[in-house]
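All remarks here apply to the structure that follows.
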Amino acid sequence: MSAWVLPLLGIVVGLAASFTGLGGGFVVVPVLVALGFSPQRSVGTSFAAILVISVSSLFGHARLDEVDWRAGLLLGLGGILGAQVGPRLLQGVPGPVFQKVFAVILAGLAVWMFFRK
C-alpha cells in the first residue's frame, strides 16, 4: 500500500469523526479489515488513529464552546474500565464472527438513528 493512502483515509476519518462524533472507528476498522488486517489489529490500530483524531477534534469543538467537560470526563472515566475489558473479549472472537457482529451493530445504529424522532 502506498504511503499516501493512509493519510488520505485519515482526512476522511477526521472529517467523519469530527462531524458525527462516532470516533472514526466505524470507517477505519472495516477499511483495515478489507486491507487484510486481522479484526484485533484493525481495532487496535483504529484506536491509535482515533487518539490523534479525537484530540484534534476536541480542540476544534472546544474552540466553538461545544464541549460539556463534566459529562465528557465522567463518560471517559467509565470508559477506562470498558476499554480494558473489550480487548480481552475481542481476542477470542474469530474474524468472520467479528465482521458480522460489527456489521449488525452499525446497521442497528443506522436504523435507530434514521427512525429516531
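Only this structure's heavy atoms are used, side chains among them; waters, hydrogens and symmetry mates stay out.
In plain terms, the two heavy atoms of Ser46 and Leu32 that are nearest each other are N-CD1, 4.2 Å. Heavy atoms only, all atoms of each residue included: Gly92 and Pro94 are closest at O-CD, 3.5 Å. Annotation for Pro39 and Gly95: closest pair CG-CA, 3.4 Å, computed over non-hydrogen atoms.
Val29 and Leu51 fall into different hydrophobic clusters, defined by Ile, Leu, Val, Met, Phe, Trp and Tyr side-chain heavy atoms under 4.5 Å apart, directly or through other members. Residues Val33 and Leu106 share a single hydrophobic cluster, defined by chaining ILVMFWY side chains whose heavy atoms lie under 4.5 Å apart. The hydrophobic cluster containing Leu90 also contains Phe37, counting ILVMFWY residues as joined when their side-chain heavy atoms lie under 4.5 angstrom apart, directly or transitively.
Rounding to the nearest 0.5 Å places CD of Glu66 at 11.5 Å from OG of Ser57. Once rounded to the nearest 0.5 Å, the distance linking CG of Leu15 with CD1 of Ile11 reads 9.5 Å. In this structure, CG on Leu58 lies 10.0 Å from CZ on Arg63, to the nearest 0.5 angstrom.
Residue Leu81 places its CG atom among 12 or fewer non-hydrogen atoms of other residues, nucleotides or ligands, all under 6.0 Å distant. More than 12 heavy atoms of other shown residues, nucleotides or ligands fall within 6.0 angstrom of atom CZ in Phe98.
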### Task
Apply the test side chain to side chain contact (heavy atoms under 4.5 Å, CB included) to residues Val101 and Val93: give CA-CA distance (whole Å), side-chain angles for both, the deciding distance (0.1 Å), then the verdict.
CA-CA 10 Å; Val101 169; Val93 178; 5.9 Å; no
### Query
Do Thr45 and Val28 pass the side chain to side chain contact (heavy atoms under 4.5 Å, CB included) test, and can you show the C-alpha distance, the side-chain angles, and the key distance before you say yes or no?
CA-CA 9 Å; Thr45 303; Val28 175; 5.8 Å; no
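Proximity of Val55 to Phe59: side-chain heavy atoms (C-beta onward) are separated by under 4.5 Å at one or more points. Val85 places a side-chain heavy atom less than 4.5 Å from the side chain of Leu89. Using a 4.5 Å heavy-atom cutoff, the side chains of Leu9 and Val31 are in contact.
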